[in-house]
Each structure stands twice: as structure tokens, then as C-alpha cells.
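The structure appears below as C-alpha cells.
Just so it is clear, the values below take in all heavy atoms, side chains as well, and ignore hydrogens, waters and symmetry mates.
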Amino acid sequence: MPRGTIEAARAARSETNPKRTLIYIPIVHTQADMGALAESINRLKIKKLGRKSWERNLDLVDKLWSQIEQTIESLALAYEQVRLYQDGLPVCGREAEIVTDLAKGGSRNYQLLVRLGQKGATLMGTESPDLLVEEYQQAKQTFATEKTGISLQGEIRRKSSRDPLLVRRDQFIAQRINTTLQPLETGLLFIGMLHSVGPWLDRDIHVVQPIHPLPA
């Protein structure tokens with residue numbers, strides 16, 4: 001990661017600059033993150049891509065998560081002042097249980113959340129439960145009709161496609177960050193590449209994006 005990016009993140013957390021900092025980490029969900037839909041998604045990916053392309057796609061996602069882990073480690077954060085915000089994690093009172101279960105299921109994303117929590121970071125429910133249920137119902141319908149694009153490159157190309165449900169989710173996520181991230185704290189936001197939370201964040205939140213999406 002460029003040295004200037006690391007220094008910018010640290011400067012934004014210093015007492016001479018009391019703005020809140022949000023480190024924006026674009027992610028790609030893995031099969032282990034998908035819960036009940038995982039098997040259906042996996043079958044569809046192999047059917048659409050072919051096994052060799054599917055395996056290459058898995059390799060790209062694996063490399064991205066290695067980059068994410070290395071980048072966060074390089075930031076040397078003061079974890080007692082860090083809040084963890086996660087795409088797909090509802091505000092429900094069972095956040096830690098959900099994260100632990102998915103980590104045990106092999107999700108690198110949620111395993112990373114567990115490790116960061118052990119270092120002192122605070123896990124935050126991030127999304128509206130109602131909107132996530134709506135998203136889940138849409139996903140079931142989509143996979144049932146096999147109309148979903150499923151390559152990593154395809155997911156990135158569709159970033160500009162802004163459906164109303166995704167916009168509402170982004171607005172909720174931004175408001176959740178706005179109301180819970182405190183001065184001098186740092187938020188780590190793990191967010192899918194189709195999302196765009198920035199337009200609804202408070203102006204005093206300094207956004208740092210140390211990892212950029214892979215080229216389409």
C-alpha cells in the first residue's frame with residue numbers, strides 16, 4: 001500500500017485533526033459468506049463459468065483477501081479506538097454470534113473480524129435487518145431463474161448499476177456510521193464493490209481507501 005495512504009490515515013486520527021476516519025475496504029463475498037444460498041450459487045457459477053474459470057475466480061478472490069489482511073496489518077491501528085462495520089451484518093443484538101458462526105464456516109472476511117475483535121476493535125451491527133431480508137428474497141428469485149452474472153469481473157462492471165434496494169441499504173449503512181463513529185475513532189468498513197456509501201456520510205468523516213477494486 002502506498003506510504004502516503006498510510007500516513008493520511010494516521011494523520012486523520014491524530015489529536016491535531018479530530019475528524020472521524022473511515023477506512024473503506026471493498027470486498028468480494030466468498031461462498032462461505034453466503035449461508036443458505038451458498039450451494040445454489042456455487043452450482044450456478046460452475047455451470048456458467050466452467051470449472052477452470054470458476055477456479056481462477058476463486059483464486060482472484062483469495063488473493064484479494066490476502067491483500068486486505070496485509071493492508072490492515074500495515075496500518076498499525078489503535079484497535080481500542082476502532083469500530084468494525086460489515087456489509088451484510090444486521091443490527092440485531094446477535095452480531096458477535098453471527099460473526100463467530102460464519103468464521104467457523106471458513107469465511108476469511110469473518111475470521112478477520114474475529115481477529116480484529118480480539119485485538120480490541122468494537123464490532124458494530126451495520127445493516128437494516130428488514131432490507132437484508134428483502135435482499136435475500138430477491139437473491140433467491142434471481143438464482144432460481146439463473147439470470148445472475150457471477151464472475152468477479154462481472155461484479156465489478158456492474159458497480160455503476162444502482163438499484164433502489166442497494167441505494168436504501170447504502171443510506172442505512174452511512175447513517176449507522178454517522179451516528180456511531182465518534183471523534184478521533186477509526187471505522188473499518190468492509191463493503192461489497194457494488195455499494196457506494198460515500199454520498200451519505202457526514203462531511204467531517206475522512207474516508208481513506210487503501211485498496212482499490214481489481215480491474216474489470
Side-chain angles (χ1 to χ4, degrees), residues 20 22-45 47-49 57 61 64 68 83-95 98-99 102 107 109-110 113 123-181 187-209 211-216:
R20 300 175 286 175
L22 183 68
I23 301 177
Y24 197 102
I25 306 292
I27 66 171
V28 176
H29 295 291
T30 65
Q31 181 180 347
D33 302 331
M34 297 302 177
L37 288 176
E39 186 175 347
S40 297
I41 293 171
N42 195 42
R43 284 199 305 267
L44 184 57
K45 285 184 175 183
K47 180 178 179 180
K48 296 287 186 179
L49 289 175
N57 199 57
V61 173
L64 175 63
I68 289 171
R83 294 183 187 271
L84 306 175
Y85 299 94
Q86 172 65 50
D87 171 359
L89 184 63
V91 180
C92 63
R94 297 178 51 250
E95 292 86 349
I98 293 169
V99 168
L102 288 170
S107 167
N109 186 168
Y110 288 86
L113 292 179
L123 182 66
M124 304 297 296
T126 305
E127 294 224 46
S128 160
D130 292 339
L131 294 179
L132 288 177
V133 169
E134 190 174 341
E135 173 80 10
Y136 176 75
Q137 296 299 330
Q138 285 190 10
K140 285 204 305 182
Q141 293 173 4
T142 300
F143 283 108
T145 55
E146 298 189 356
K147 291 181 180 178
T148 297
I150 35 68
S151 71
L152 174 59
Q153 290 79 8
E155 180 176 352
I156 298 169
R157 289 190 196 101
R158 291 192 303 277
K159 187 177 181 182
S160 61
S161 177
R162 302 293 293 154
D163 69 81
L165 176 56
L166 191 62
V167 170
R168 285 187 288 145
R169 287 178 63 198
D170 286 346
Q171 290 172 331
F172 186 97
I173 292 168
Q175 184 61 20
R176 179 68 171 156
I177 295 169
N178 291 340
T179 57
T180 60
L181 188 64
L188 275 175
L189 173 61
F190 297 90
I191 192 78
M193 292 182 183
L194 294 178
H195 289 264
S196 181
V197 174
W200 293 282
L201 291 172
D202 287 347
R203 293 183 64 182
D204 72 303
I205 295 178
H206 177 66
V207 179
V208 177
Q209 187 167 332
I211 299 174
H212 297 283
L214 299 175

Over all heavy atoms of both residues, which pair between V91 and P129 is shortest? Give the atoms and the distance, please. O-CG, 3.3 Å

Sorted by first residue and then second, give each salt bridge (Lys or Arg N to Asp or Glu O under 4.0 Å) pair with at least one member in residues 188-197; sequence neighbours left out. none

Start with the C-alpha distance between L64 and M193, add both sets of side-chain angles, then the distance that settles side-chain contact (heavy atoms from CB on, under 4.5 Å), and finish with yes or no. CA-CA 12 Å; L64 175 63; M193 292 182 183; 3.7 Å; yes

Which heavy atom of S196 sits nearest a heavy atom of Y24, and at what distance? CA-OH, 3.9 Å

In terms of heavy-atom contacts, Q209 and P26 come closest through NE2-CG, 4.0 Å

Could you give the distance from CG (L181) to CZ (R20), rounded to the nearest 0.5 Å? 5.5 Å

I want to check something: taking the side chain as every heavy atom from C-beta on, are F190 and L89 in contact at a cut-off of under 4.5 Å? no

Residues forming a side-chain hydrogen bond (donor to acceptor under 3.5 Å, both in side chains) with R83, sequence neighbours excluded: E185

Can you confirm whether the side chains of D163 and Q138 place a donor and an acceptor under 3.5 Å from each other? no

Step by step, would you call L123 with V99 a side-chain contact (heavy atoms from CB on, under 4.5 Å)? CA-CA 9 Å; L123 182 66; V99 168; 3.6 Å; yes

Can a donor-acceptor pair be found, under 3.5 Å and without considering hydrogens, that links the side chain of E135 to the backbone of V133? no

Quick one: CZ on R168 to OG on S128, what's the gap to the nearest 0.5 Å? 8.5 Å

Heavy-atom nearest pair, I205 first then N178, reads CD1-OD1, 3.4 Å

Distance check, rounded to the nearest 0.5 Å: N109 atom CG versus I68 atom CD1? 7.5 Å

Mind listing the closest non-hydrogen atom pair of I173 and V197 along with its distance? CG2-CG2, 4.0 Å

Hey, does the side chain of D170 reach the backbone of H195 with a donor-acceptor pair shorter than 3.5 angstrom? no

Non-hydrogen side-chain atoms of L22 and V208 separated by less than 4.5 Å: no

Any side-chain heavy-atom pair from T180 and Q175 closer than 4.5 angstrom? no

Heavy-atom nearest pair, Y85 first then G187, reads CE1-CA, 4.0 Å

Distance (rounded to the nearest 0.5 Å) between E95 CD and L84 CG: 12.0 Å

Going through the distances and angles, do L189 and I25 end up as a side-chain contact (heavy atoms from CB on, under 4.5 Å)? CA-CA 6 Å; L189 173 61; I25 306 292; over 6 Å; no

When rounded to the nearest 0.5 angstrom, what is the spacing between CG in L194 and NE2 in H29? 8.5 Å

When you measure from the side chain of T126 to the backbone of D87, do you find a donor-acceptor pair of N or O atoms at a distance under 3.5 Å? no

Salt bridge (Lys or Arg N to Asp or Glu O under 4.0 Å) pairs, two or more places apart, involving residues 123-133: E127-R169

